[in-house]
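Heads up: numbering here begins at 1 and tracks the sequence.
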Amino acid sequence: MRPNAPNRIVTYSLDQCVEFDAWSFIEMISPRPLLMIVGTGADSRAHAERAIDKADEPKELFWIEGASHVDLYGDREKFLDPAVAKLTEFFTTSLRAGTPAEATR
């Protein structure tokens, strides 16, 4: 345990955590591009699939074959290399120079 991260939840905020619904806001991402990278072995894959289903275009779900959720945070080159390559492609094609207003048109 780290002194600045005691791994506790403040009980007065529990109701706010339970009530929060990130899915109800996902349409607000559009028209900005959405890329979700998920391992085919990830326990969390259903969340990425749900987000992609609910999001408007442009959107993409990119699968990393055989990776778990945790594999994508580690130092496993066989999983990280395709993720970094996809992120590089995504940022290269999705980010444009100009003001924020121009970039979202």
Side-chain angles (χ1 to χ4, degrees):
M1 182 180 332
R2 307 280 302 174
N4 293 338
N7 197 21
R8 291 185 302 220
I9 187 167
V10 180
T11 55
Y12 69 81
S13 66
L14 187 58
D15 62 328
Q16 295 169 345
C17 292
V18 171
E19 286 184 32
F20 181 74
D21 179 18
W23 308 115
S24 65
F25 300 106
I26 199 157
E27 292 92 11
M28 295 175 73
I29 293 172
S30 183
R32 288 161 296 282
L34 172 64
L35 170 65
M36 303 207 77
I37 298 176
V38 65
T40 58
D43 293 335
S44 59
R45 67 184 284 169
H47 296 294
E49 292 171 324
R50 182 176 179 196
I52 288 293
D53 286 344
K54 293 183 70 69
D56 292 330
E57 295 290 341
K59 61 186 177 180
E60 180 180 357
L61 180 58
F62 183 75
W63 296 99
I64 305 289
E65 186 63 40
S68 71
H69 181 85
V70 176
D71 287 333
L72 298 175
Y73 293 97
D75 58 357
R76 297 168 178 91
E77 289 182 7
K78 81 177 200 177
F79 301 129
L80 288 180
D81 286 351
V84 169
K86 185 61 182 180
L87 286 167
T88 301
E89 172 194 318
F90 176 76
F91 288 129
T92 301
T93 59
S94 299
L95 297 179
R96 295 180 283 208
T99 65
E102 291 172 343
T104 59
R105 287 187 209 156

Quick check for you: to the nearest 0.5 Å, what is the distance between [X] atom [atom1] and [Y] atom [atom2]?
X	Y	atom1	atom2	value
Leu34	Asp56	CG	CG	10.0 Å
Asp71	Arg76	CG	CZ	4.5 Å
Phe62	Ile52	CZ	CD1	13.0 Å
Lys59	Met36	NZ	CE	11.5 Å
His47	His69	NE2	NE2	9.5 Å

Tell me whether [X] shares a hydrophobic cluster with [Y], the cluster being built from Ile, Leu, Val, Met, Phe, Trp, Tyr side chains joined at under 4.5 Å.
X	Y	result
Val70	Leu80	no
Leu87	Ile64	yes
Leu35	Leu95	yes
Phe90	Ile37	yes

How about [atom1] on [X], more than 12 heavy atoms from neighbouring residues, nucleotides or ligands closer than 6.0 Å, or not?
X	atom1	answer
Asp43	CG	no
Glu27	CD	yes
Glu65	CD	no

(request) Report yes if the side chains of Trp63 and Lys86 come closer than 4.5 Å at any heavy-atom pair, otherwise no. (result) no
(message) Just so I know, are the side chains of Val38 and Leu72 near enough to count as touching, which here means a heavy-atom distance under 4.5 Å?
(response) no
(message) So does Gly41 get a backbone contact from the side chain of Ser68, meaning a donor-acceptor N/O pair under 3.5 Å?
(response) no
(request) Taking all heavy atoms of Phe79 and all of Pro82, pick out the closest pair and write down the distance. (result) O-CD, 3.3 Å
